[in-house]
Protein chains: 2
Amino acid sequence: MATLQKSIDKRNALIKATIDLVNNNGFHATAMNKIAKMANVSPATIYLYFENKQDLVNQTYIEVKAKYSDYAFKNYTEKLSVEDGFKHIWKRIADFKLIECENAFFLAQCDNTPIIDEESRQEGIKHLQPLLDLWARGKKEGIIKPFSDYILYAYSINPLSFLMMAQKRETFKLNNEHMEEAFQAAWNSIKN
Amino acid sequence: MATLQKSIDKRNALIKATIDLVNNNGFHATAMNKIAKMANVSPATIYLYFENKQDLVNQTYIEVKAKYSDYAFKNYTEKLSVEDGFKHIWKRIADFKLIECENAFFLAQCDNTPIIDEESRQEGIKHLQPLLDLWARGKKEGIIKPFSDYILYAYSINPLSFLMMAQKRETFKLNNEHMEEAFQAAWNSIKN
DNA sequence: TTACACAAAATGAACGTTCATTCTTTTTTA
DNA sequence: TAAAAAAGAATGAACGTTCATTTTGTGTAA
């Protein structure tokens, strides 16, 4: 337990600190110094766990992205109808953005800036496959509009990021009614 | 012409260089040095036009945002029906994101990160009023769903940013057919 | 149980570099 | 010719990273 466990704790603390500081200051304004301080660790210790700053943020991204898709597809099964399946995944993603908003905000920032290696970005995309499969089935059954996946994503999933951002910036307060409206808008934009 | 004109040219060159470099490297990885070099100017000269780096990027943001909304509402008139008016504005915004994609990308990056002062951000929001007015009319006439403006924006306008981002990243190639699909999705998500 | 030795983990100080900004000088303009 | 504009070199601070050293944890011999 002792040694290894301690290590994992430190690594987690470092990743948590990275998310926090990058969320509030951006990647390049976040000093290794500050990350170390927030994680209660010496700056030098970071380099026992990560190659360098870029590696730290890449690994943080991949880890958060994995957490995101795990959350999104929890309890999902292909046995559901297209509409029910979509609603299930959509609600899970919405929940994630609300509940794990620090994580979600970090992902949004990575996805909209050049701070992440293209390689790590590709690594993070893989996880969405079940949703793409669902859409393929929906198109075949004539339930989903025959739009390209990018369009379907842009109009049914991605808007949640915008809402989360507004919420985080406190220019908008999401409530249950809003979420109901949002789901309707999402479904109307892609259903046939 | 002479003095003042020359100054405006330099200022424009600086702003253009800022957009270019921030788009490709992010704000904090963009050195004043490099901005000066790209604008064919001494680093010291920047400080004749801008207070400091933050001021440079704030002013760049406000200027690009103004260009964006000018473009969006060009030739728009309130005499149009709600549907036609919306289509008009939507197409203008879509055009902007396609044609002025460097500008659009810069805005997207500013809107998704903490690089811009909250004050400048607020300054940039004002310009959307005609669209909000149109939605208000649409809701009153029962043509637009009675959703909050944030939701309407998230599902009808903001998705264009996502598509532009994918396009810029060359993971997706937008064509006319896609734009038609995108408009349908946008309108379906907000129409009653 | 204690004392010791060794390796792994962790540290704080130090390094070289790069950055935003300023200072002094030169050039341009009117 | 005087003032405004611009330049390039200089500056101090801050950064990512490394180095020399100390601390911690673990197994072993007494």
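Just so it is clear, the values below take in all heavy atoms, side chains as well, and ignore hydrogens, waters and symmetry mates.
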Using ring-ring contact (aromatic ring centres under 6.0 Å, His included) as the criterion, list what pairs up with B:Phe106, not counting sequence neighbours.
none
Salt bridge flag under 4.0 Å for residues B:Lys34 and B:Asp20:
no
May I ask you to decide whether B:Lys139 forms a salt bridge with B:Asp149, counting only side-chain N to carboxylate O separations under 4.0 Å?
yes
Readout for nucleotides 9-22 of chain D: B = base within 4.0 Å of protein heavy atom, S = sugar-phosphate only, - = neither; 5' to 3' it is ------SSBBB---
Do any N or O atoms from the side chain of A:Ser120 and from the backbone of A:Ile116 form a donor-acceptor pair under 3.5 angstrom?
no
To the nearest Å, give me how far apart [atom1] ([X]) and [atom2] ([N]) are.
X	N	atom1	atom2	answer
A:Asp9	C:dA9	CG	P	14 Å
B:Phe50	C:dT22	CZ	P	16 Å
A:Tyr49	C:dA8	OH	P	14 Å

For B:Ala166, check side-chain contact (heavy atoms from CB on, under 4.5 Å) against everything at least two apart and list the hits.
A:Tyr150, B:Thr171, B:Phe172
